[in-house]
Novice: 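There's a structure below that I have some questions on.
First the proteins, then the strands, lettered A, B, ... as listed; each starts at 1.
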Number of protein chains: 2
Amino acid sequence: MNADPIALAEAHWVDHGWGEAAPGMRLVTTITRVQQLLHQSIDELLRPDLTFARYEILMLLVFSKRGALPMSVIGSRLQVHAASVTSAVDRLERDGYVTRERGEGDRRQVLARITSAGRRRALAATEILNQEVFEDVGLPAAAAGRLTTSLDRMREHRGETLDA
Amino acid sequence: MNADPIALAEAHWVDHGWGEAAPGMRLVTTITRVQQLLHQSIDELLRPDLTFARYEILMLLVFSKRGALPMSVIGSRLQVHAASVTSAVDRLERDGYVTRERGEGDRRQVLARITSAGRRRALAATEILNQEVFEDVGLPAAAAGRLTTSLDRMREHRGETLDA
DNA sequence: TGCAGATACTTAGACGTCAAAGTATCTGCA
DNA sequence: TGCAGATACTTTGACGTCTAAGTATCTGCA
């Protein structure tokens with residue numbers, strides 16, 4: 001018996017004469033489901049003061065040379081809209097992990113600067129995520145590498161530039 | 001030059017002595033990004049009256065024998081919380097794609113039943129998604145199949161039962 | 001020099017997701 | 001028989017995402 005709803009959907013696709021699209025439908029749905037599962041685990045590990053979105057911003061700032069980046073750069077690195085960055089930085093600021101500054105040259109810019117509390121929190125979060133999620137994704141290293149490569153191809157196919 | 005922020009993050013991971021977790025971090029982040037891209041494309045194709053979440057519910061109902069399912073079954077098939085089902089069905093009902101009924105035997109249950117308008121809309125949406133997304137995911141069929149298999153392994157690793 | 005258009009960010013509102021709490025109904029056991 | 005606890009759904013509220021619209025600042029060109 002196959003009780004997996006996604007595999008069942010694929011079979012229905014074939015039955016309806018959509019065989020050409022069936023594997024793609026299954027792949028897309030499966031990606032969605034895996035992302036859901038990862039997102040839930042990660043957010044639970046980061047609660048209550050961080051989420052994956054805010055963690056990603058913090059790590060971007062940790063890796064930046066000056067510990068600060070314009071909002072627009074954060075948005076383009078993470079591929080999310082400016083409004084999402086605004087709201088995430090609002091909350092990081094509320095919790096004292098980040099401060100806002102006006103741009104020196106261009107006064108329209110807003111820089112998010114990580115605080116020392118932000119750095120400490122980001123490193124503690126990394127330790128947990130490395131141990132609980134990243135070090136064992138459920139696949140042998142080689143398979144994980146091939147998976148990443150295939151997914152990168154999909155990113156390119158949907159318009160992202162990876163610049164090898 | 002490598003301008004991909006995800007590949008850069010992986011390099012930073014290695015530099016910080018987190019080499020063991022680096023490939024996993026990259027994989028998880030890449031899955032997130034691909035899902036973001038797919039989600040955006042799909043929701044744009046379904047606008048303004050559907051989203052991927054609502055489309056998935058509609059297709060579940062299309063494939064159901066009686067054209068109706070309890071809210072709880074919808075939630076467990078799609079692996080989302082009851083509250084998410086409630087809000088999606090609210091909107092499907094608002095647009096006339098679904099009606100609500102009380103369960104016959106168990107009066108606590110609520111069944112969502114697809115309407116004929118809902119069926120028509122679901123099939124039209126499928127045609128568009130098949131053509132614009134599912135039939136060409138950017139990978140050869142064999143690679144797509146391997147990808148799905150690996151992702152299924154990740155689903156199992158994170159606690160989903162696939163019952164081969 | 002000055003203004004039109006572009007750019008950087010924020011605000012407002014819709015939607016999806018989750019957690020927690022509330023309501024109605026069912027079930028099992030004393 | 002009746003009540004305590006379980007179950008099915010809804011409601012409320014926090015958060016992330018997007019689009020659209022608003023504000024401040026900059027830039028280019030007449």
Novice: Starting at CG of Asp90(B) and ending at P of dC15(C), how long is that distance when rounded to a whole Å?
Specialist: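 Nearest whole value for this atom pair: 11 Å.
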Novice: Identify, between Ala83(A) and Gln109(A), the residue whose nearest nucleotide on DNA chain C lies closer to the 5' end.
Specialist: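 It is Gln109(A), whose closest nucleotide lies nearer the 5' terminus.
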Novice: Measure CG/Leu92(A) against P/dG16(D) and give the value in whole Å, please.
Specialist: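 My rounded result for the distance is 8 Å.
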Novice: Closer to the 5' end of DNA chain C via nearest nucleotide, is it Ser72(A) or Gln40(A)?
Specialist: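 Taking each residue's closest nucleotide, the earlier one in sequence belongs to Ser72(A).
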Novice: Between atom CD1 in Ile74(A) and atom P in dG16(D), what is the gap in whole Å?
Specialist: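 Going from CD1 in Ile74(A) over to P in dG16(D) covers 14 Å.
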Novice: Quiz question: going by heavy-atom distance under 3.5 Å, is there a donor-acceptor pair between the base of dT7(D) and the side chain of Arg108(B)?
Specialist: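 Present.
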Novice: Choosing from dC15(C), dC18(C), dC18(D), which nucleotide comes nearest the side chain of Ser84(B)?
Specialist: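 Shortest atom-to-atom distance from the side chain points to dC18(C).
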Novice: Would you say Arg54(B) reaches dT17(C)'s phosphate, i.e. side-chain N/O to OP1/OP2 under 4.0 Å?
Specialist: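 For dT17(C), OP1/OP2 do not have a side-chain N/O of Arg54(B) under 4.0 Å.
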Novice: To the nearest Å, how far apart are Gln36(B) CD and dC18(D) P?
Specialist: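 Nearest whole value for this atom pair: 6 Å.
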Novice: Grab the CG-P distance between Leu50(A) and dC15(D) for me, whole Å please.
Specialist: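 So the two atoms are 12 Å apart, to the nearest Å.
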Novice: Got a sec: does the CZ of Arg94(B) have more than 12 other heavy atoms crowding it under 6.0 Å?
Specialist: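 Atom CZ in Arg94(B) is packed in, count exceeds 12.
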Novice: Which residue, Gln79(A) or Arg102(A), contacts DNA chain D at a nucleotide closer to its 5' end, judged by nearest heavy atom?
Specialist: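 This one resolves to Gln79(A).
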Novice: Under 6.0 Å from the CD atom of Glu127(B), do we count more than 12 heavy atoms belonging to anything else shown?
Specialist: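 Counting other residues, nucleotides and ligands, CD of Glu127(B) stays at 12 neighbours or fewer.
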Novice: Would Asp43(B) and Arg54(B) satisfy salt bridge (charged side-chain N to carboxylate O under 4.0 Å, His left out), going step by step from the backbone distance to the final call?
Specialist: CA-CA 10 Å; Asp43(B) 278 7; Arg54(B) 276 176 263 169; over 6 Å; no
Novice: Please give, in whole Å, the distance from dA14(D) P to Asp43(A) CG?
Specialist: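 Between P of dA14(D) and CG of Asp43(A): 17 Å.
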Novice: Please check the phosphate of dA24(D) (OP1 and OP2 only) for any side-chain N or O of Arg107(A) closer than 4.0 Å.
Specialist: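 Result: no.
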Novice: Is the phosphate of dG16(C) approached by Thr51(B) (side-chain N or O, under 4.0 Å from OP1 or OP2)?
Specialist: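 Yes.
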Novice: Round to a whole Å and report the spacing from CG of Leu78(A) to P of dT17(D).
Specialist: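 Answer to the nearest Å: 9 Å.
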Novice: Looking at every strand, decide which applies to Gly105(B) at a 4.0 Å heavy-atom threshold: base, sugar-phosphate, or nothing.
Specialist: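 The answer is sugar-phosphate, as Gly105(B) gets under 4.0 Å only of primed atoms, P, OP1 or OP2.
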Novice: With both distances under 3.5 angstrom, what nucleotide forms a Watson-Crick or G-U wobble pair with dG16(C)?
Specialist: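 With both distances under 3.5 Å, dG16(C) matches dC15(D).
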Novice: Select one nucleotide: of dT25(C), dT17(D), dT17(C), the one nearest the side-chain heavy atoms of Ala53(A).
Specialist: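 Closest nucleotide among those given: dT17(D).
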Novice: Should the pair Phe52(A) and Tyr55(A) be assigned to parallel (<30°), tilted (30 to 60°) or perpendicular (>60°) ring geometry?
Specialist: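 Geometry flag for Tyr55(A) against Phe52(A): parallel rings.
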Novice: If only atom types and distance count, is the side chain of Arg102(A) paired as donor or acceptor with the main-chain N or O of Arg108(A) below 3.5 Å?
Specialist: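 Yes, because the side chain of Arg102(A) sits within donor-acceptor range (under 3.5 Å) of the backbone of Arg108(A).
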Novice: Paired with dC26(C) by Watson-Crick or G-U wobble geometry, both distances under 3.5 Å: which nucleotide is it?
Specialist: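 Across all strands, the one nucleotide that pairs with dC26(C) is dG5(D).
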Novice: Can you see if the side chain of Arg100(A) gets near the phosphate of dT10(C) - specifically, an N or O under 4.0 Å from OP1 or OP2?
Specialist: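 Arg100(A) to dT10(C) OP1/OP2: side-chain N or O found under 4.0 Å.
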Novice: Give the nucleotide from the list dT10(C), dC15(D), dT10(D) with an atom nearest to the side chain of Met71(B).
Specialist: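 Side chain of Met71(B) sits closest to dT10(D).
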Novice: Just by distance, do the side chain of Arg146(A) and the backbone of Ala143(B) share a donor-acceptor pair under 3.5 Å?
Specialist: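 Flag not set: sc Arg146(A) to bb Ala143(B) has no pair under 3.5 Å.
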Novice: Nearest of dC26(D), dC9(C), dC15(D) to any side-chain atom of Asp106(A)?
Specialist: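 When the side chain of Asp106(A) is considered, dC26(D) is the closest of dC26(D), dC9(C), dC15(D).
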Novice: Name the residue closer to the 5' end of DNA chain D, choosing between Val110(B) and Ala82(A) according to the nucleotide with the nearest heavy atom.
Specialist: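 Residue closer to the 5' terminus by nearest nucleotide: Val110(B).
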Novice: Closest to the Pro70(A) side chain: dT25(C), dC9(C), dG16(D)?
Specialist: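 Taking heavy atoms from C-beta onward, the closest nucleotide is dC9(C).
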Novice: Roughly, in whole Å, what's the span from CD in Glu44(A) to C1' in dC18(C)?
Specialist: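 These atoms are roughly 11 Å apart.
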